[in-house]
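Working notes, beginning with the structure itself.
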Amino acid sequence: MKLGVCYYPEHWPRSDWPEDARLMRAAGLTHVRIGEFAWSRLEPRPGAYDWAWLDTAIEVLSAAGLEVTLGTPTATPPKWLIDAYPDILPLDAHGNPRKFGSRRHYCFSSKTYRAETARIVEALARRYGAHPGVTMWQTDNEYGHHGSDESFSADAVAAFRVWLENRYTDIHALNEAWGTVFWSQEYNAFGEIDPPAATVTEANPSHRLDWRRFCSDQMCSYNQLQVDIIRRHSPGRPVTHNFIGDFYRLDHRDISRSLDIATWDSYPIGLLSESQAPRDLKARWLRAGDPDFAAFNHDVFRACAPRWAVMEQQPGPVNWATYNAAPAPGMVRVWTWEAFAHGADFVSYFRWRQAPFAQEQMHAGLLAPDRAPQPVLEEIRQVGREMERVAGMAQDRAEIAILIDYPSLWQHEIQPQGNRRGPLEPSRAAYAACRRLGRNVDIVFSDTKLDGYKVVIVPSVPVITQEMEAHLTSSGALVLATALTGSRTPEGRIPETLAPGRLRRAFDVRVEQLETLPDFVPVDVQVGEEVLRAERWRETITTGSEVLGRFADGKPAWVRNGRLYYAAFWPGESLMTELVGRLCDAAGLARRDVGPDLRLRRAGGIQFAFNYGPGRQDLCRIGAPRSADAYLIGSADLAPFDIAAWPCKAGTG
Amino acid sequence: MKLGVCYYPEHWPRSDWPEDARLMRAAGLTHVRIGEFAWSRLEPRPGAYDWAWLDTAIEVLSAAGLEVTLGTPTATPPKWLIDAYPDILPLDAHGNPRKFGSRRHYCFSSKTYRAETARIVEALARRYGAHPGVTMWQTDNEYGHHGSDESFSADAVAAFRVWLENRYTDIHALNEAWGTVFWSQEYNAFGEIDPPAATVTEANPSHRLDWRRFCSDQMCSYNQLQVDIIRRHSPGRPVTHNFIGDFYRLDHRDISRSLDIATWDSYPIGLLSESQAPRDLKARWLRAGDPDFAAFNHDVFRACAPRWAVMEQQPGPVNWATYNAAPAPGMVRVWTWEAFAHGADFVSYFRWRQAPFAQEQMHAGLLAPDRAPQPVLEEIRQVGREMERVAGMAQDRAEIAILIDYPSLWQHEIQPQGNRRGPLEPSRAAYAACRRLGRNVDIVFSDTKLDGYKVVIVPSVPVITQEMEAHLTSSGALVLATALTGSRTPEGRIPETLAPGRLRRAFDVRVEQLETLPDFVPVDVQVGEEVLRAERWRETITTGSEVLGRFADGKPAWVRNGRLYYAAFWPGESLMTELVGRLCDAAGLARRDVGPDLRLRRAGGIQFAFNYGPGRQDLCRIGAPRSADAYLIGSADLAPFDIAAWPCKAGTG
Amino acid sequence: MKLGVCYYPEHWPRSDWPEDARLMRAAGLTHVRIGEFAWSRLEPRPGAYDWAWLDTAIEVLSAAGLEVTLGTPTATPPKWLIDAYPDILPLDAHGNPRKFGSRRHYCFSSKTYRAETARIVEALARRYGAHPGVTMWQTDNEYGHHGSDESFSADAVAAFRVWLENRYTDIHALNEAWGTVFWSQEYNAFGEIDPPAATVTEANPSHRLDWRRFCSDQMCSYNQLQVDIIRRHSPGRPVTHNFIGDFYRLDHRDISRSLDIATWDSYPIGLLSESQAPRDLKARWLRAGDPDFAAFNHDVFRACAPRWAVMEQQPGPVNWATYNAAPAPGMVRVWTWEAFAHGADFVSYFRWRQAPFAQEQMHAGLLAPDRAPQPVLEEIRQVGREMERVAGMAQDRAEIAILIDYPSLWQHEIQPQGNRRGPLEPSRAAYAACRRLGRNVDIVFSDTKLDGYKVVIVPSVPVITQEMEAHLTSSGALVLATALTGSRTPEGRIPETLAPGRLRRAFDVRVEQLETLPDFVPVDVQVGEEVLRAERWRETITTGSEVLGRFADGKPAWVRNGRLYYAAFWPGESLMTELVGRLCDAAGLARRDVGPDLRLRRAGGIQFAFNYGPGRQDLCRIGAPRSADAYLIGSADLAPFDIAAWPCKAGTG
């Protein structure tokens, strides 16, 4: 548990730096990230490096006792470089360049840009790799943001063809995998294949799925290029990248294998504004953000790498959302503690001082543009003081796991089947259900062994590999899978045995037909005397399993084969909560409805409670101690936008 | 009345074919369409034809007693052909190619593609033209789908200029017709004229109308090219093309002159999902489709050619709509009978077996991807058994006709006048009104003589030619015309005598002014004591005719000149039903409100009733016999998604 | 006060002209605008001028006693010119040409087009400059319409670079002004800079602001080019340009310095249809237009130049809006009088006779396409008769002024801060508030001295220059400024002292933070016992001023420093009316709520009342005389869509 901040010394007079550093330390901050985006200052003209200012900046910060994370500046190649090599620019699906003038204006496949990247990273790592003040490296910034994950440049096309040849070896294998016999899409050579763009009607879904894989792989190999150079010159220093939340175009699990720490950038209020949440929730959580947004992403990145952290934490209104409310007083502290309760190595605020210029001038910092401290600094200081009381906190494995698989998310994007809320929605709904029940959750990936979990949720995960099948069937956990699970092969085809594919035998279910329904047509499921309300997907299944619930026409809807439960529908968040609750009961896991605003998290022997809502919460209602003495932080009477923490028995999540 | 299916032998192992053929026959199917989309298998490499597999497929199907319709594969030119001749690709309005990777990726004007088309069609027709197993030909597939009706390629521009020169001979005639003196749009030569695309603000409407004509004509001449070759090599075999429903960019009447049978592809549920119908209707008919969608298109294509049929009938959920519900059990049988009751030569289901790969993998077939029969097969078998009971059914001429004119639909597209529901909406509303009143309808075109009809509806048809004028004024029918009728010349100009143009004298109406109103502003029409609620269009007219109804300000709204009625407003579907009902009464035609879900159709001496709704219908209410013995199919107690048929007097539609 | 009409002799046979002219005069029209759009008739082929028809037309019109305004035809270069010089076409942000086929298809920066413009204007001005019948000139037509204000052509890029170099001299000054150190956007030379287009994510706001300035400046210098030529050949004749209403991309104040008369084109009903007004208002004012639309624009253009007028007045339904209702009977007269009451030199109707062809064939004229007079002609004749009764009317300076600043409007466009109703909305709301209170308003610009005003409203004007500061602080008026005022420097940066920037000391306010809120989240302000409902923007301020109102959390919201009032929120139209009313009271200005439909205007010693609503208005309610004799026009019982005028004391607005 450490606190940090993102700082841009190049934006301010050198004379400000020592005082900035002093103020940071005074606020309890110990870490500072600098340097990403600074290429035009590091190399103002081709080959003319200017290290002096950065030398000084690092020196000043180090001298004040701050550890420096140094970012490579590759997210923003300078104009002279673009003008020299226009082939660096990414091209859109119609071949139009995405131009200089903001950021991320490069194609991951550009050979020129990979060479230039190697050059600048080499120069930077060589100079600062052994610097004692530099204790961590960050590669680039937010891979894939602004649609930069894909480019249709000549280099990208060429690389895609090579990638396909590596994957399939033989063009016949590709034709077979993609089913190109359909609509005469057959290829005679890899060199004939283009990206799936600008087609007259929808492109082949297998083609699109491989394109997604390729684009993610290009980001991975591009990152690897940087990491290799850094490790060569800066051995022993951890390397990270700052990912974006609720993003699925990059396989975070895959790319994180090259990193020591996975970090991400948490903007709960901006994301709520841009989300498809209904108006009442956007109003309810206007200044708190969705109570599960940050926690979900914490758990995703916690699962990606041995260590994880928040590299950028929203500290005030941002500039880029349609509406930009300020966090409620107290929320920055709540978000920070939510991160620590999930095991964050550190929480670093973005940014130190609000810039009065350029694109992010309306993005709040810990200081105003005129350098006056913002009130949020006091919240951060408070966290610093509280950290001492809960030191040494460890992360427990949760009892419940939720399976996430990136190719499956891409499959949802490619064939949304009437899901208008995006590929992550099933995972997010499952996560929200567990949180609503007061439970810790682990995110698990296709290669995660599931032994020891009591409940595993497979929220409409289409691509079930042999490995996943093995883990699911051997885990001993109760498994809850929802419609579409196992409905695709890794190539994006319907499995030969139909859905749920590899899990067909385990569930003893065969999906005859899928209906995709508009959200104004509910899907009723009769369970005993109760009618449960599902939505969106209704599968017609044949099954030899025990039928726990039926659709209105009597067909099986909710079935159980031993410890494996299958929902032939999409429950939505509310019914998902109900179903997960039933599985908790069956697994002997305690559960309680904590309501829409209260959230719990157990870490080591400490129980945290977070209040995301505008009303007070009586924690005794959920079994917390009444006595104020029992609390490490706060009390049983939890104020709005406040937290409490108290010791609890370890191992009960 | 025959049943057929669409089959893709190239998608399956040869060993499956004989059993597939046997199963088809066992299901009562006698016709099978193959071959369209198979170019990459017929000619895997330039000039290297592979007929063997198709020889075998036709042999196997024929041997099982199936008649084969062979499709030309031109909707999907293979990649090697596109790479050899990129000028085949259609260009969008900005000149960007619409690329390979799906289907319909060719420009109708491409000289190269016309030559390649002639080559492959010639080769195919030469080989199979005299084959006894091939009893019908289909050209291409769904002309104009996915916006493929237009292309802005160099060949298209050149062809458009030639087309214009043929139409106008002299550039001054074109300038005069288009009114190019407006905004200095005058041309000095045909070679100066571009397609009406990418202009700064809207292009000249006459220019756009001729562009629509040209695009439709290019499809016609392209089709003629194929038909001529087929007829040369396969004399005596009927030739068809499978059109799309609710499509207006192609003049179906015009193109059908070259065909023996007009066929269309009927997807009632998918189309409802994509339509602008309100939510309550989308929910009401979720698994039945709009009760008038298929019937309307049946009647359109029935009017286009001496014979007509359904080439592709939706048999389950499709893949391409936003939401894809399954047909209610029974609906596929209902749709099939609705088609036969309209005189369909055959109904062919799309497709035999669901493919587990590529774009349409979620498109249901009669068999599941694992080859298991779907329940719908039993419905089809039932139709086969029922067909014997109603054999020999003939089509009667209806008493009511609705006028459709393609240039008028294009005029609606070009100047929608606040109609946000599309060019076909007036025609569809008039059709729904007649169906709601239990009446048969004939669709008529500009060249159809109207003698013998009792009522003719002219649903806001702007372009009234001399021929149409003659037919309307001499028919002896009561005529009901609504606002905008006759408001444009064939060149897309306001007639010299103002609207209703050529019909001004017949109606004794002069339209001084048109208001186009938002749908939240109703237009009240006072008729006697009643206030009728119209919408959208309100014309200010002067008239010497009898005024039957007036707007709120007292101006004439609903007038009659002898047997000609003019509505100076758009009635909407509900008021249209009321007005058509009044004309039925005046014409001595029986009418009854059959409600939203029940639909009737009389064919020869047989009366059919179709239930598109979720409730039972008592047919005695609409005068059907009570005794079960009186029925050929079903009974007076009509179940949801069921049909009934009983003998009736001939000639009362 | 004169009446005119727009006429296109080239659209009609020469034989029609004399009778047209006679009818115009008979209708009371004395002015006629011709010639704009006629290039293809003036120069049918390169260099081959045809003056004969125009000679005749001017002769015929003059002979009938009509004064001619001659328009330069540059809004519509002919096709032969475009084909000869394709670089005339504007390019969109992706470099696609915006093509020939409508109008405004030229780039303001095109060197070729400037030369061609000079050529045709020179030829025209040389021929008709001294013609006694030509008494006014109009340059081009509606600069900037259809997005023609910007083009991304090579000439535009080059001109932008020169423009930037002229503005900043040194590239370092530009880098500093734009804050290009952010995201490595630094430039080493002006030649590196592109327009802010097609960037990966948003472009630099200072870059965008200068691009807006440049685009406006290009229109100004292009206009100057024409004006200089005209003045050379036609000294003494006034020159005008016809602007569009509610348009902000062109700095009307700036461009008007080169004009003698600022004129604009008033289409109240079409604009309401396209506006973001709620449905109930669109229905309420369907046939009257927003009661403040025309008046607001009148006052804008009145402030731009010594004289102003309406060049195009909507006389019936238009063709270009989504819905096109007809003006209520009487409305054209009401609009005309509203213009005269604001001091219009003349009101000219668009157009004389409706054309039966081309893009605007559904645009009503004073004559129908068949030349029959429309009823509106009688309204115009009525105005002509009434004009004699109110002759000699002068314009008084108003007591209330509203500040408008074009760079501030551009700033709103670039950073809308959740304002989804457009840059002009704050100004329009302030204007509507004053009109609702029955007050005259003057629009003032950044260079207007404010002495003598009682109340000045600064409706969220971000860019406050030193000049504006001086005027505001020295005026003696009560000043009401709303959130965002002074929040940006002219370079589009946050001021060093934070918002309200230069006004920080005057208001004694410092804005710590801005929240941008969705419109479904109200912002309550407690003033004494009352709760006022604000919206959209909530600023957190520190202030030494008197706090008149507070937000729900007790923070200051509505403060006063002597005669300067600051609202740290956006009031919306309703609360704005309340606040302006309070300032009126404090300033001793009479105010009365005239309701939604009634509008007043005092001019010289005459008081006008206009009824935009469907109900009668009793004018005694607002203090008008009861006696019919007291009225110059109308009476105290004001019918719907009618006007009244009576003498009043001068100088009480």
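Numbers restart at 1 for each chain; the letters A, B, ... are given by sequence-line order, proteins then strands.
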Need one label for [X]: side chain, backbone, both or neither, based on atoms under 4.5 Å from any heavy atom in chain C.
X        : result
B:Glu491 : neither
B:His94  : both
B:Ile414 : neither
B:Trp183 : both
B:Arg510 : side chain
B:Pro518 : both
B:Ala499 : neither

Count the heavy-atom pairs under 4.5 Å between each of [options] and chain C, then report the option with the highest count.
options                                : result
B:Asp194, B:Ile494, B:Thr489, B:Ile193 : B:Ile494
B:Asn96, B:Val521, B:Leu498            : B:Leu498
B:Ser487, B:Ala177, B:Ala198           : B:Ala198

In Å, rounded to the nearest 0.5 Å, how long is the span from [atom1] of [X] to [atom2] of [Y]?
X        : Y        : atom1 : atom2 : answer
B:Ser184 : C:Glu10  : OG    : CD    : 7.5 Å
B:Asn204 : C:Gln359 : CG    : CD    : 4.5 Å
C:Asn319 : B:Glu202 : CG    : CD    : 6.0 Å
B:Gln513 : C:Asn324 : CD    : CG    : 11.0 Å
C:Ser40  : B:Phe182 : OG    : CZ    : 12.0 Å
C:Lys79  : B:Gln185 : NZ    : CD    : 11.5 Å

Would you sort out whether B:Leu517 and C:Arg287 count as a side chain to side chain contact (heavy atoms under 4.5 Å, CB included), showing the intermediate values?
CA-CA 10 Å; B:Leu517 302 171; C:Arg287 294 184 175 91; 3.8 Å; yes
Take C:Met362 and B:Leu514 through the side chain to side chain contact (heavy atoms under 4.5 Å, CB included) test and state the conclusion after the steps.
CA-CA 8 Å; C:Met362 292 306 290; B:Leu514 169 71; 3.7 Å; yes
Under a 4.5 Å heavy-atom cut-off, does chain B meet the side chain of [X], its backbone, both or neither?
X        : answer
C:Glu36  : neither
C:Pro329 : neither
C:Phe100 : both
C:Pro97  : backbone

Report the C-alpha distance between B:Thr201 and C:Arg104 in whole Å, list the side-chain angles of each, state the deciding distance to 0.1 Å, and finish with yes or no for side chain to side chain contact (heavy atoms under 4.5 Å, CB included).
CA-CA 8 Å; B:Thr201 182; C:Arg104 305 216 55 71; over 6 Å; no
Can any side-chain N or O of B:Thr199 pair as donor or acceptor with the backbone N or O of C:Lys99 at less than 3.5 Å?
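A pair under 3.5 Å: no.
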N/O donor-acceptor pair under 3.5 Å between C:Gln361 side chain and B:Gly492 backbone:
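Yes, the answer is positive, given that a donor and an acceptor are paired below the 3.5 Å cut-off.
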Just wondering, do C:Asp83 and B:Glu192 contact through their side chains at under 4.5 Å, heavy atoms?
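A side-chain contact exists here, since the closest heavy-atom pair is under 4.5 Å.
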Would you say B:Arg420 has more than 12 foreign heavy atoms packed within less than 6.0 Å of its CZ?
no
When the ring planes of C:Tyr323 and B:Phe520 are compared, do they come out parallel, tilted or perpendicular, using 30° and 60° as the limits?
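It falls in the perpendicular class, over 60°.
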